[in-house]
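Chain identifiers are assigned alphabetically (A, B, ...) following the order of the sequence lines, protein sequences preceding nucleic acid strands; residue numbering begins at 1 within each chain. Note: hydrogens, waters and symmetry copies are ignored here, and every other heavy atom, side chains too, is used.
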2 protein chains.
Amino acid sequence: MARITGSNGGRTAEAIRRAAIRLIHRQGFAAMNLRELAAEVGIQPGSLYNHIETKQGLLFELMREHMQDLLSAMEAALAAAPDEPMAQLRAFLAQHVLYHLERKQEVYIANFELRALEPANAEPILAMRREYEDRLIGLLEAGARAGELQVADARIAAYALLAMLTGVCTWYRPGGRLGPEEIVAQHLELALSGVSGAGLGQRAPDISAGGSAPIERMRSIPAGGRTPG
Amino acid sequence: MARITGSNGGRTAEAIRRAAIRLIHRQGFAAMNLRELAAEVGIQPGSLYNHIETKQGLLFELMREHMQDLLSAMEAALAAAPDEPMAQLRAFLAQHVLYHLERKQEVYIANFELRALEPANAEPILAMRREYEDRLIGLLEAGARAGELQVADARIAAYALLAMLTGVCTWYRPGGRLGPEEIVAQHLELALSGVSGAGLGQRAPDISAGGSAPIERMRSIPAGGRTPG
DNA sequence: CCGGAAAACAAACGTATGTTCGTTTAGCCG
DNA sequence: CGGCTAAACGAACATACGTTTGTTTTCCGG
């Protein structure tokens, strides 16, 4: 037998893409097999190769497209915001959360399936991620220079903020108690408060005052080198 | 051939455990195969079954032990801290970051390999995770009641904090520029500032003022139901 | 010392997976 | 309309994987 009536390459390719996102998100790239992917789309396994080169290539494309979309969304948000440090920072963080709410599955994959990429494929993806991170670091540093932010280490703060704001994709479910607007608002509040310099305490001294036993032992750990990565 | 001179069940089992953590962390549970695990330990694949029941059982045990250890560490930290809301919260957050720095690989697995657990195995693990989360939520609520914290939604704040503080395990590397003490300190500063109520703005109004284009569109999204999970 | 249990080896099994390849049919364009 | 390309089917291939099983050797305790 052969080609099915009504088949449409573009439509099938899109169905493959959507099904792949769903399945990878649900069980992981390595655990998803192409037979179930094909079944999800409604074609035979071998037919997938009309639309993808390899299983690995499929993952790479999904992640590459996602990163490009994320970078584009960020650029658009920044371009639409006033050219002031805090406004830029807000715009960045807001679009981050919103994008992550809308495309939580792709975000999840892009973050947690890096290990499944072969080195040659991982490299460009990592480069795009760094571009995104560096942008946020730049914004934090600009805010600090303008005297509007107080961060001890822009890179650490950036990682912490990204982790916090990216975390929504692990638990957010459309139709839940809170709509995107509320979630964005709360996360911005938490994030911006965290870097505002309006904290509760200084550093180690306050922590010790808390009397937490693990902290005492921590003091004996030697400090490290230069870069966090 | 047969049993090797000098073989020791306890030692081999521990070596399996360590190698499994390393390999799963590096490539993922589904992508790790038992032949390479056995090779890493220095035994034949079939010999693994003297020490594990199944591949799935191995993952379950690793995650169960980790969760138990994490809960124990938390209890110890809280027991050693003064019985006041903020001191308790600090103790919780500090031990969280410290534990995550020390056992980053296990933490990574426990967070990102949930999908690989069969339902019967996932259930007890998820229960322990909820226990941990609920504890933090309780602490945040206690802080709010004591008037020392200002969080719009304790659960959201808890998720955000946990995401931020757990994030270190994705990038921290011993011997880096920053030692554990510095990392713990900065994260506590960021986290506690975030929930202190000393934020920069209110809510949606301030965000709109930022002029971020995506936020305008967000307003048209209908609010959801009751629970975030 | 001896026997039983433990721990390892080696081989094999049944199943699964990514991919290739030949064939058939549909769709499109000249 | 006809030819060529695209898209699907169906079968098969080569490899890989989790696991079992029989055998051999070591270790430990009575």
Side-chain angles (χ1 to χ4, degrees), chain A residues 1-21 23-24 26-63 109 113 115-121, chain B residues 1-21 23-24 26-63 109 113 115-121:
Chain A
M1 285 292 282
R3 179 169 179 166
I4 296 289
T5 303
S7 63
N8 175 302
R11 203 160 48 216
T12 304
E14 182 60 22
I16 290 171
R17 194 178 152 280
R18 291 177 184 282
I21 290 172
L23 289 175
I24 298 173
R26 191 169 71 206
Q27 57 203 39
F29 177 72
M32 174 195 80
N33 70 69
L34 295 182
R35 282 169 175 77
E36 63 183 328
L37 174 60
E40 189 89 3
V41 176
I43 58 176
Q44 297 300 307
S47 302
L48 290 173
Y49 294 89
N50 289 317
H51 310 277
I52 65 172
E53 285 195 21
T54 60
K55 188 187 180 185
Q56 168 74 201
L58 171 61
L59 178 65
F60 175 68
E61 283 305 312
L62 289 178
M63 290 170 80
I109 290 166
E113 294 291 346
R115 291 176 302 178
L117 286 178
E118 289 164 3
N121 289 332
Chain B
M1 284 294 282
R3 178 169 179 168
I4 297 290
T5 304
S7 62
N8 175 302
R11 203 158 50 217
T12 302
E14 182 59 21
I16 290 171
R17 193 178 153 278
R18 290 176 183 284
I21 289 172
L23 290 176
I24 297 174
R26 192 170 71 206
Q27 57 202 43
F29 177 71
M32 173 195 82
N33 69 68
L34 295 182
R35 283 169 174 78
E36 62 183 333
L37 174 61
E40 188 88 4
V41 176
I43 58 176
Q44 297 300 307
S47 301
L48 290 173
Y49 293 89
N50 288 317
H51 310 278
I52 65 172
E53 284 195 23
T54 59
K55 188 187 181 188
Q56 169 74 198
L58 172 61
L59 178 65
F60 175 68
E61 283 304 313
L62 289 179
M63 289 170 81
I109 290 166
E113 294 292 345
R115 289 176 303 179
L117 285 178
E118 288 164 2
N121 288 332

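Here the side chains of A:Ile52 and A:Phe60 are not in contact, with every heavy-atom distance at 4.5 Å or above.
What separates CG of A:Leu37 from P of C:dG18 is a distance of 10 Å, to the nearest Å. C:dG18 atom P lies 10 Å from atom CG of A:Leu48, rounded to whole Å. A:Glu53 has its CD atom 16 Å from the P atom of C:dG18, to the nearest Å.
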Passes side chain to side chain contact (heavy atoms under 4.5 Å, CB included), B:Leu58 versus B:Leu37? Steps please. CA-CA 11 Å; B:Leu58 172 61; B:Leu37 174 61; 3.7 Å; yes
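A:Glu61 and A:Gln56 share no side-chain donor-acceptor pair at under 3.5 Å.
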Assign a letter to each nucleotide of nucleotides 5-10 of chain D from its 5' end: B, base within under 4.0 Å of a protein heavy atom; S, sugar-phosphate only; -, no contact. -BBBBS
Generate the contact string for nucleotides 12-18 of chain D. Rules: B means base contact, S means sugar-phosphate contact only, - means no protein heavy atom under 4.0 Å. B----BB
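With sequence neighbours excluded, the residues that form a salt bridge (charged side-chain N to carboxylate O under 4.0 Å, His left out) with A:Arg18 are A:Glu14. Judged as a salt bridge (charged side-chain N to carboxylate O under 4.0 Å, His left out), and not counting sequence neighbours, A:Glu118 has no contacts. In this view, A:Arg11 satisfies the side-chain hydrogen bond (donor to acceptor under 3.5 Å, both in side chains) rule with no residue, not counting sequence neighbours. Residues that satisfy the salt bridge (charged side-chain N to carboxylate O under 4.0 Å, His left out) test with B:Arg115, not counting sequence neighbours, are A:Glu113.
A cation-pi arrangement is found for A:Lys55 relative to A:Phe29, the charged atom lying closer than 6.0 Å to the ring centre and inside a 45° cone about the ring normal.
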